[in-house]
There are 2 protein chains.
Amino acid sequence: MVPDDSEEALIDGLVRSAFQVMGVLTRIGAEHDLSLTQLRVLGIVRDRRPRMSDLAAFLGLDKSTLSGLIDRAERRGLLARTTSPDDKRAVVVLITDAGRDLTQRLYEQMRDALAPATGRLGARQRHELTELLETVLTPPLPSTPRPATQR
Amino acid sequence: MVPDDSEEALIDGLVRSAFQVMGVLTRIGAEHDLSLTQLRVLGIVRDRRPRMSDLAAFLGLDKSTLSGLIDRAERRGLLARTTSPDDKRAVVVLITDAGRDLTQRLYEQMRDALAPATGRLGARQRHELTELLETVLTPPLPSTPRPATQR
DNA sequence: TATTGTTATACTCTATAACTATA
DNA sequence: TATAGTTATAGAGTATAACAATA
């Protein structure tokens, strides 16, 4: 399939927006001495109790990488390790209260940082963009049901 | 300003799409032993001749980081250094033929990798999404590290 | 035997501090 | 003095290989 101009422009937009969003996340993470990966781990573990291997698979990282990652987060009191009762080989990662608090703050900062950008759209356009993004990037991964957090 | 649900959903979409696009870029880069940062540098230097400090400012990295980055790319024959005739302190970075060829291949792979996603939209929707992305992420995202010199 | 994690090792990315050369 | 880059150093992120414990 020969790519036309509109496809080229779209890809460009997607890539640029990705870099900008990542820039925001990187900055917010850095303010708390957290890398992008640590940020992701916190986001995942926030409402899940994955095993090391689950995390590694989900993040596309080697298990040895996870060991170090979790080590550092554990040393900071953000995460904790437990042995699985089902499989004595497995290590389950869970978030601590401190980790949860920090994660909450991170989410709020992220929202605030992106608000000026998203605020440039009206409700109608926001909805439109959300739908289009969903369509384009349909995730083949089963997303975990998020409890409707009231606020 | 109290964020409503539609804003929350949009931010979620933007962040997830960013991670997915970054995933694609990371994978393609890895296939050529290039980090995300190296990828960006190639993309920038492809049609520009920035000085080290320009690159550092644009990427939001320290100059010393750039030294190492350019060292490695130079060692691989992808980039080259020249001294600026205007300012004997300044070092201008430029892309080699090999670097240009590789960059071209990277772009094509990127397009191919994202095509299944973008292909899910019709021409009309593609246009729509492109426009919306432009609107949302246009000017100064509050976090973008921009050199104070311009703007 | 296969799987789960950790450890040892090595390389890249990153920043800070100290330094050289030029402005 | 101030700016442009490099180097030395240190810590985090990453993968590969070798290993221990469990399945």
Side-chain angles (χ1 to χ4, degrees), chain A residues 19 22-23 25-42 44-45 49-76 78-94, chain B residues 19 22-23 25-42 45 49-76 78-94 145 147-150:
Chain A
F19 271 115
M22 286 328 234
L25 297 188
T26 301
R27 176 179 59 70
I28 292 174
E31 285 171 14
H32 298 271
D33 278 301
L34 290 169
S35 71
L36 229 45
T37 308
Q38 298 271 19
L39 229 56
R40 287 185 79 185
V41 170
L42 284 176
I44 293 166
V45 176
R49 296 202 166 186
R51 310 189 314 169
M52 296 292 282
S53 54
D54 297 332
L55 271 177
F58 187 79
L59 296 170
L61 297 172
D62 192 88
K63 292 150 193 189
S64 62
T65 300
L66 258 289
S67 286
L69 234 28
I70 304 302
D71 277 353
R72 289 182 286 272
E74 196 175 20
R75 216 176 298 139
R76 290 178 57 179
L78 302 174
L79 300 179
R81 280 173 163 100
T82 326
T83 325
S84 165
D86 308 326
D87 185 338
K88 293 246 176 71
R89 296 171 302 178
V91 169
V92 169
V93 180
L94 39 91
Chain B
F19 271 117
M22 287 326 235
L25 297 189
T26 301
R27 178 178 57 71
I28 291 175
E31 285 171 14
H32 297 273
D33 277 302
L34 289 169
S35 71
L36 227 48
T37 308
Q38 298 271 18
L39 229 56
R40 288 185 78 185
V41 170
L42 284 177
V45 177
R49 296 202 167 187
R51 311 191 313 172
M52 296 292 282
S53 53
D54 296 331
L55 272 176
F58 187 79
L59 296 169
L61 297 172
D62 192 89
K63 291 151 194 191
S64 63
T65 300
L66 258 290
S67 286
L69 233 29
I70 304 301
D71 277 352
R72 288 182 287 273
E74 196 175 19
R75 216 177 298 138
R76 290 177 58 179
L78 303 174
L79 300 178
R81 280 174 163 99
T82 324
T83 324
S84 166
D86 307 327
D87 184 338
K88 292 248 176 68
R89 297 171 301 178
V91 169
V92 170
V93 180
L94 38 91
T149 55
Q150 50 196 4

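The sequence lines fix the lettering, A, B, ..., with proteins before strands; numbering per chain opens at 1. Side-chain atoms are counted along with the backbone in the values below, which use heavy atoms only and exclude waters and symmetry mates.
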Asks: Report the distance from atom NZ of B:K88 to atom P of C:dA23, rounded to the nearest whole Å.
Replies: 6 Å
Asks: What contact category does A:S67 fall into here, base, sugar-phosphate, or nothing, at under 4.0 angstrom with non-hydrogen atoms?
Replies: base
Asks: I want to check something: taking the side chain as every heavy atom from C-beta on, are B:Q38 and B:L79 in contact at a cut-off of under 4.5 Å?
Replies: no
Asks: Which nucleotide sits closest to the side chain of A:D62: C:dT16, D:dA15, D:dG5?
Replies: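 In terms of side-chain proximity for A:D62, the closest of C:dT16, D:dA15, D:dG5 is D:dA15.
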Asks: For A:R72 and A:R89, take the nucleotide of DNA chain D holding the closest heavy atom to each; which residue's nucleotide lies nearer the 5' end?
Replies: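 The answer here is A:R72.
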Asks: Counting N and O atoms only, with roles assigned by atom type, does the side chain of B:T65 sit under 3.5 Å from a partner on the main chain of B:L61, one being a donor and the other an acceptor?
Replies: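 Side chain of B:T65 to backbone of B:L61: no pair is present.
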Asks: Is A:S64 side chain donor-acceptor paired with the D:dT16 base, going by distance under 3.5 Å alone?
Replies: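 When only heavy-atom distances are counted, A:S64 does reach the base of D:dT16 through a donor-acceptor pair under 3.5 Å.
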Asks: Would one find a side-chain N or O of A:T37 under 4.0 angstrom from OP1 or OP2 of D:dA12?
Replies: no
Asks: Less than 4.0 Å between a side-chain N and a carboxylate O, is that true for B:R49 and B:D54?
Replies: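 Looking at B:D54 and B:R49, the cut-off is not met.
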Asks: Is the phosphate of D:dT14 approached by A:T65 (side-chain N or O, under 4.0 Å from OP1 or OP2)?
Replies: no
Asks: Can you tell me how far P of C:dA2 sits from CG of A:D87, to the nearest Å?
Replies: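 Rounded to the whole Å, the gap is 17 Å.
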Asks: Hey, does A:L61 reach any base, or is it just sugar-phosphate, or nothing, if we go heavy atoms under 4.0 Å?
Replies: sugar-phosphate
Asks: Roughly, in whole Å, what's the span from CZ in A:R40 to C1' in D:dG13?
Replies: 14 Å
Asks: Check the distance between D:dA2's P and B:K63's NZ and give it to me in whole angstrom.
Replies: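 It is 14 Å, rounded to the nearest whole Å.
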Asks: C:dT12 P sits how many Å from B:R76 CZ, rounded?
Replies: 9 Å
Asks: Heavy atoms from C-beta onward define the side chain here; which of C:dT4, D:dA4, C:dT6 lies closest to that of A:R81?
Replies: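 Ranking C:dT4, D:dA4, C:dT6 by closest atom to the A:R81 side chain puts C:dT6 first.
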Asks: Between atom CG in B:L55 and atom C1' in D:dT3, what is the gap in whole Å?
Replies: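 Going from B:L55 (CG) to D:dT3 (C1'), I get 17 Å.
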Asks: Look at B:D71 together with B:R81 and state whether they make a salt bridge at an N to O cut-off of under 4.0 Å.
Replies: yes
Asks: Over how many whole Å does the gap from B:R75 atom CZ to C:dC13 atom C1' extend?
Replies: 13 Å
Asks: Of all heavy-atom pairs between B:A56 and B:L66, which one has the smallest distance, and what is that distance?
Replies: CA-CD2, 3.8 Å
Asks: Would you mind reading off the distance between A:D33 atom CG and D:dG13 atom P, rounded to a whole angstrom?
Replies: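 Rounded to the whole Å, the gap is 10 Å.
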